[in-house]
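Worksheet: one structure, shown below.
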Amino acid sequence: MPLAKLRNVVLEYAAIAIYVSAIYTSVVLLPSALALFYLFGATSPSAWLLLAAFLALTFTPLQLTTGALSERFVQFSVARAAAYFPTRVVVTDPEAFRTDRGYLFGFCPHSALPIALPIAFATTSPLLPKELRGRTHGLASSVCFSAPIVRQLYWWLGVRPATRQSISGLLRARKVAVLVPGGVQEVLNMEHGKEVAYLSSRTGFVRLAVQHGAPLVPVWAFGQTRAYSWFRPGPPLVPTWLVERISRAAGAVPIGMFGQYGTPMPHREPLTIVVGRPIPVPELAPGQLEPEPEVLAALLKRFTDDLQALYDKHKAQFGKGEELVIM
């Protein structure tokens with residue numbers, strides 16, 4: 001292998017490894033500190049060092065961690081991570097997007113881990129067209145912003161908490177918010193060999209779009225469900241109701257994932273994120289704060305129909321024959 005190609009491969013693996021290791025490190029940091037205290041007592045320097053690192057990384061305001069160094073890191077890591085799979089973004093109609101208005105993207109599927117979202121929709125992602133670059137923010141569960149290291153990485157990428165307040169702030173500022181509407185419920189209903197999108201009762205994101213006059217945009221990530229192999233606890237060993245209760249309490253489903261050779265590194269499956277055309281939303285009447293239920297239902301159906309059409313149009317080119325199940 002030529003030296004230049006070998007260097008690129010090493011950098012691609014390194015970029016993905018940074019994010020994967022961040023997840024695992026964030027999980028073990030506090031337990032490791034407590035274990036050292038238990039084994040060596042309160043005088044253990046290593047235990048105090050780990051505890052101090054955990055507290056600093058967990059509670060330091062994220063705005064204070066952003067600067068020129070983090071921006072260079074994001075540019076490097078996004079480009080190399082995109083090359084790892086490889087990843088590309090296909091915008092059906094770039095001219096349909098205006099720079100003077102906000103948009104709410106409905107990103108599907110969630111899959112075991114929506115790994116394409118921070119790569120493709122990082123604020124400065126080179127994969128985005130100029131109409132979207134610099135003002136696009138992916139959205140992740142609030143629990144991600146309680147995890148040390150992960151919260152810093154997500155913040156640098158432009159990912160923000162998937163809360164009503166956060167989404168409203170982005171749309172008011174005429175930015176692009178990329179939400180995974182299926183969330184926990186979609187992960188609970190995933191099936192091997194199929195593509196699953198849980199949308200039947202997801203009117204919350206539609207309501208926010210109408211309230212802020214932000215067109216809805218269907219987005220499908222081809223290949224994402226194959227990035228990780230997964231297994232989910234369930235009957236007969238674990239009751240379904242218990243898995244659901246744990247998932248709602250934690251904000252995440254307790255699933256096991258593995259990638260290449262059984263490691264945490266994802267499979268090198270090509271990722272193609274297809275962005276559909278914006279769906280216009282009706283204006284609220286003066287003084288009206290909430291859209292009518294029938295308006296929300298009609299918009300959700302339009303979004304679901306457009307998502308199905310988007311999938312059907314591109315599945316032969318970018319998919320591998322999986323059936324799409326919209327729940």
(request) Can you see which heavy atom on Gln224 is nearest to which on Pro109, and at what distance? (result)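 Looks like NE2-O, 2.7 Å.
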(request) Return the minimal non-hydrogen interatomic distance between Ala116 and Ala221, and the atom names on each side. (result)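 Closest pair (atom of Ala116, atom of Ala221, distance): CB-CB, 4.4 Å.
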(request) Kindly determine whether Gln260 and Tyr13 satisfy side-chain hydrogen bond (donor to acceptor under 3.5 Å, both in side chains), including the steps that lead there. (result) CA-CA 11 Å; Gln260 287 198 86; Tyr13 271 88; 3.2 Å; yes
Rounded to the nearest 0.5 Å, what separates atom [atom1] in [X] from atom [atom2] in [Y]?
X	Y	atom1	atom2	value
Arg88	Ile273	CZ	CD1	10.0 Å
Phe37	Trp48	CZ	CH2	4.5 Å
Phe121	Arg133	CZ	CZ	13.0 Å
Leu34	Leu50	CG	CG	10.0 Å
His192	Thr225	NE2	OG1	11.0 Å

(message) For the residue pair Thr65 / Gln152, report whether a side-chain donor-acceptor contact shorter than 3.5 Å exists.
(response)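 No, no side-chain donor-acceptor contact under 3.5 Å.
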(request) Using distance alone, with no hydrogens and no angle criterion, decide if Tyr103 and Glu131 have a side-chain donor and acceptor under 3.5 Å apart. (result)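 No, no side-chain donor-acceptor contact under 3.5 Å.
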(request) Please lay out, stage by stage, how Trp156 and Ser77 fare under the test side-chain hydrogen bond (donor to acceptor under 3.5 Å, both in side chains). (result) CA-CA 11 Å; Trp156 295 344; Ser77 61; over 6 Å; no
(message) Assess the residue pair Thr123 and Leu128 against the criterion (side-chain contact (heavy atoms from CB on, under 4.5 Å)); give the C-alpha distance rounded to whole Å, side-chain angles, the decisive distance to 0.1 Å, and a yes or no.
(response) CA-CA 9 Å; Thr123 304; Leu128 295 174; over 6 Å; no
(request) Carefully, step by step, assess Gln308 and Lys313 under the rule side-chain contact (heavy atoms from CB on, under 4.5 Å). (result) CA-CA 9 Å; Gln308 180 74 64; Lys313 180 178 179 180; over 6 Å; no
(request) Would you check if His267 and Arg226 make a side-chain contact, meaning some heavy-atom pair closer than 4.5 Å? (result)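 Heavy-atom side-chain distance check fails, nothing below 4.5 Å.
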(message) Before you tell me yes or no, could you show the steps for Val325 and Glu323 under side-chain contact (heavy atoms from CB on, under 4.5 Å), namely the whole-Å CA-CA distance, both residues' side-chain angles and the distance that decides it to 0.1 Å?
(response) CA-CA 6 Å; Val325 178; Glu323 174 192 357; 3.9 Å; yes
(request) Step through the shown structure and confirm whether more than 12 heavy atoms of other residues, nucleotides or ligands are within 6.0 Å of CZ on Phe40. (result)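 At most 12 heavy atoms, drawn from other residues, nucleotides or ligands, come within 6.0 Å of this atom.
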(message) Is it true that, when you exclude Gln63 itself, more than 12 heavy atoms of the residues, nucleotides or ligands shown sit nearer than 6.0 Å to its CD?
(response)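 It does: Gln63 CD has more than 12 such atoms within range.
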(request) Apply salt bridge (Lys or Arg N to Asp or Glu O under 4.0 Å) to the pair Glu195 and Lys320, showing each step before the final yes or no. (result) CA-CA 10 Å; Glu195 297 280 18; Lys320 289 192 175 180; over 6 Å; no
(request) Classify the ring geometry between Phe73 and Phe76 as parallel (under 30°), tilted (30 to 60°) or perpendicular (over 60°). (result)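 It falls in the tilted class, 30° to 60°.
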(request) Report yes or no: is the cationic atom of Arg268 (NZ for Lys, CZ for Arg) closer than 6.0 Å to the six-membered ring centre of Phe85, at no more than 45° off its axis? (result)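 Judged by the rule, Arg268 and Phe85 form no cation-pi pair.
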(request) May I have the step-by-step check of side-chain contact (heavy atoms from CB on, under 4.5 Å) for Thr136 and Lys175, ending in yes or no? (result) CA-CA 6 Å; Thr136 298; Lys175 295 187 177 183; over 6 Å; no
(request) Have a look at Phe303 and tell me which of Trp220, Phe205, Phe105 forms a ring-ring contact (aromatic ring centres under 6.0 Å, His included) with it. (result)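 It is Phe205; the other options fail the test.
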